[in-house]
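For clarity, every value in this text was computed on a predicted model and none was experimentally measured. Chain A is the first sequence line, chain B the second, and so forth, proteins listed ahead of strands; every chain is numbered from 1.
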Number of protein chains: 2
Amino acid sequence: MGRTLLPMSPAQQSSARRPYHHGDLRRAILTAALDVIAADGPSALSLRDLARRAGVSHAAPAHHFKDRTGLLTAIAAEGFGLLATAVIEASDLRDAGVRYVRFAREHPAHFQVMFTPELLRTGDLELTTARALAGDALSGAVAALRPEGLGIDTRLAGVAAWSLAHGFATLLLGHNLDGPIGDKDPEEVFRTLATTLFRGEPTSRP
Amino acid sequence: MGRTLLPMSPAQQSSARRPYHHGDLRRAILTAALDVIAADGPSALSLRDLARRAGVSHAAPAHHFKDRTGLLTAIAAEGFGLLATAVIEASDLRDAGVRYVRFAREHPAHFQVMFTPELLRTGDLELTTARALAGDALSGAVAALRPEGLGIDTRLAGVAAWSLAHGFATLLLGHNLDGPIGDKDPEEVFRTLATTLFRGEPTSRP
DNA sequence: CGGCAATCTTGTCGTTGTCAAGTTGGAGTT
DNA sequence: AACTCCAACTTGACAACGACAAGATTGCCG
């Protein structure tokens, strides 16, 4: 593990085993961090361990991320960016929800860090803008529900939809739905769920 | 802060300033831990800091909780117990959801730890039984929806309800709903939400 | 009154995050 | 082609932490 030996980008430069400049240390640290977090959560993250994996000295990561919080903030910002691009091209609200759940499954580390505010640098510019972008994408999906004639007001519908998707995704990542949904495809289960709840079909009939 | 000087339970024993035995160190550590977690999250938790707050030596907490994971596991177990008693006396599914949200607001530290599995000792007996108890309480509320005639099967309805409540609670604690719901009472908002979605009133009308 | 087990202390080790100061190398300028 | 400068990385140090081991204290039960 650790350093790759494959042919690399020009930035990787020159010759041999241990170049002084890593080439793309920032990306390497990020990738390693995502692995660790996906496996054992953010609390298992150690800058020194990441440095070891990348084959650099223990203080190298600090140059790219300032500190632990900086690294996690960068991950969250990247996550919101990815989420925004995933949701922006949704065909409707239900599809946006499905994409939300899919994002959480495909990027569990990002997802977890994004929604753990005490790990992040409040007010970081990149984070704030990326989050706003994702927020806009979600709002767009909600607004497209129906231009007029909503049963409940748009803001409430947004909260409802977000809660449903976020709760499903969170419980899924925490393995709390392993029992209830078994080996069924989670995204398909969610689609069914969302369809039933938002189409107005009653869950019970007197 | 730190040690209290008020009259205490008999266990507090004898005379003066610094009794060798604390009296109820276990509870004191737990309470301090909940304060820290509610304020700055589980990653800000330090056993040595808790010991300092309780006025005991740095290794004292270990005797009650074995290690950091043990402390967090105890918190999670306590949380599932509290959740179970809160949900067990719900009048119906909607009320159970409201109680779920209320629990998250009144016990944010418990809630956060309960659903962060990588911080917990998997297979701990107290935790497992408490979790099962809470699970039963929730299942009971779902089963009481309607004995028969559900629009979707019971298991799905349970997942939907849990997702909605859990998502709402999680987003709430992360201050992600501060904008959308403003200063409105969160539990009331959730009640409205749940009523609309589960009563079968459509969110949109052609 | 004696001992025993629970509770808490003291001391230590390896690891971590963070800061400060130094080193390397490549890209651009002249 | 030599020079310079700056970003990228290293080395070294320090305080704080979790964990463990071994010892001290105390209340309790016989």
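- Counting any heavy atom pair closer than 4.0 Å across all strands shown, A:Leu45 reaches sugar-phosphate atoms only and no base atom.
- A:Glu106 meets the salt bridge (Lys or Arg N to Asp or Glu O under 4.0 Å) test with no other residue; sequence neighbours excluded.
- Pairing each heavy atom of B:Leu120 with each of B:Thr69, the nearest pair is C-CG2, 3.7 Å.
- Every residue two or more places apart in sequence or in another chain that forms a salt bridge (Lys or Arg N to Asp or Glu O under 4.0 Å) with B:Arg94 is listed here: B:Asp92.
- DNA chain D lies under 4.0 Å from at least one heavy atom of each of the following residues of residues 58-66 of chain A: A:His58, A:Ala59, A:Ala60, A:His63, A:His64.
- Among residues two or more places apart in sequence or in another chain, the ring pair (Phe, Tyr, Trp, His ring centres under 6.0 Å) test is passed with A:His107 by A:Phe103, A:His110.
- Rounded to whole angstrom, the span from the CZ atom of B:Arg68 across to the C1' atom of D:dC20 amounts to 17 Å.
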Compile the donor-acceptor pairs under 3.5 Å between side chains in residues 169-187 of chain A and protein atoms, sequence neighbours left out, one pair per line.
unit_1: A:Thr170; atom_1: OG1; unit_2: A:His166; atom_2: O; d: 2.7
unit_1: A:Glu187; atom_1: OE1; unit_2: A:Arg102; atom_2: NE; d: 3.0
unit_1: A:Glu187; atom_1: OE1; unit_2: A:Arg102; atom_2: NH2; d: 3.3

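- Protein atom CZ of A:Arg48 is 6 Å distant from nucleotide atom C1' of C:dT16, rounded to whole Å.
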Side-chain donor/acceptor pairs under 3.5 Å, residues 30-43 of chain B, sequence neighbours excluded:
unit_1: B:Thr31; atom_1: OG1; unit_2: B:Arg27; atom_2: O; d: 2.9

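- The salt bridge (Lys or Arg N to Asp or Glu O under 4.0 Å) check on A:Arg121 picks up A:Asp67, with sequence neighbours excluded.
- With sequence neighbours left out, A:Asp136 forms a salt bridge (Lys or Arg N to Asp or Glu O under 4.0 Å) with no residue at all.
- In terms of phosphate contacts, B:Ser46 brings a side-chain nitrogen or oxygen within less than 4.0 Å of OP1 or OP2 of D:dC17.
- Taking every heavy atom of residues 32-44 of chain B and every atom of DNA chain C, no pair lies under 4.0 Å.
- Using a 4.0 Å cut-off, no side-chain N or O of B:Arg26 falls inside it from OP1 or OP2 of C:dC8.
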